[in-house]
Amino acid sequence: MAFWLVKSEPDAFGWDQQVANGTEPWTGVRNYMARNNLRAMRIGDRAFFYHSNIGREVVGVVEVVREAYPDPTASEGDWVCVDLRALAKLPRPVALTAMKADPALEGLALIRQSRLSVMPVSAGHWHHICALGGWGG
DNA sequence: GCCAACGTTGGC
DNA sequence: GCCAACGTTGGC
């Protein structure tokens with residue numbers, strides 16, 4: 001199983017909506033590196049749900065339930081989306097500032113490459129952030 | 001609201 | 001194919 005992190009501005013689409021919808025097509029990615037990451041996702045992979053701009057924290061965990069398929073919101077180009085299902089809310093959201101300050105999370109793509117919207121997370125980093133969030137999952 | 005980072009576009 | 005201009009993202 002691989003681990004990922006996806007970003008969303010809560011203004012546009014937040015964790016509460018993800019939970020309300022259950023399964024949600026993760027559309028609108030228009031960046032090649034992010035697209036490559038979407039394509040590499042496999043059913044059963046897990047991803048952190050991160051609130052950018054407002055909150056700036058990891059708030060929950062989602063699971064990949066459908067692998068990459070053409071993004072219906074793209075009028076041209078070969079962009080893809082995946083379906084993500086809400087799995088768990090973190091008992092304690094993990095703030096960007098906390099992750100930046102944590103030596104165990106050195107090299108985290110979220111910190112290094114702040115503009116990427118879909119990124120891989122190493123197993124080590126994944127488990128560390130889960131622990132910070134109070135989630136045993 | 002500002003600005004740095006950085007991906008994309010387009011002129012040459 | 002280089003590089004300047006531009007647009008967008010996202011932290012502060």
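Here the structure is a predicted model, which is why all the values come from computation and not from measurement. In the text below, chain A, chain B and the rest are named by the order of the sequence lines, each starting its count at 1. Values below: every heavy atom of this structure, side chains too, minus hydrogens, waters and symmetry copies.
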How many whole angstroms separate atom [atom1] of [X] from atom [atom2] of [N]?
| X | N | atom1 | atom2 | result |
| --- | --- | --- | --- | --- |
| R115(A) | dC12(C) | CZ | C1' | 16 Å |
| R56(A) | dC12(C) | CZ | P | 7 Å |
| H51(A) | dT9(C) | NE2 | P | 17 Å |
| Y32(A) | dT9(C) | OH | P | 15 Å |
| I54(A) | dC12(C) | CD1 | P | 15 Å |
| Q113(A) | dT8(C) | CD | C1' | 15 Å |
| L116(A) | dT8(B) | CG | C1' | 15 Å |
| R30(A) | dT8(C) | CZ | P | 14 Å |

Once the angle between the rings of H127(A) and F3(A) is folded into 0 to 90°, is it parallel (under 30°), tilted (30 to 60°) or perpendicular (over 60°)?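 Ring orientation, 0 to 90° scale: perpendicular.
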Looking at K100(A), I'd like to know whether one of its side-chain N or O atoms comes within less than 4.0 Å of OP1 or OP2 on dC12(C).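 True: K100(A) side-chain N/O within range (under 4.0 Å) of dC12(C) OP1/OP2.
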Counting only side-chain nitrogens and oxygens, does K7(A) get under 4.0 Å of the OP1 or OP2 atom of dG10(C)?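 So the side-chain polar atoms of K7(A) do come within 4.0 Å of the phosphate oxygens OP1 or OP2 of dG10(C), strictly under.
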Side-chain H-bond candidate by donor/acceptor type, R115(A) with S52(A), under 3.5 Å: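 Absent: no donor and acceptor within the cut-off.
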Go through the steps for V82(A) and R66(A) under the test side-chain contact (heavy atoms from CB on, under 4.5 Å), then give the verdict. CA-CA 6 Å; V82(A) 298; R66(A) 183 176 172 190; 5.9 Å; no
Are R46(A) and E63(A) close enough for a salt bridge, meaning some N to O gap below 4.0 Å?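 No, no charged N to carboxylate O under 4.0 Å.
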Of the candidate nucleotides dG10(C), dG11(C), dG7(B), which contains the atom at the shortest distance from the side chain of Y50(A)?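 Closest nucleotide to the Y50(A) side chain: dG11(C).
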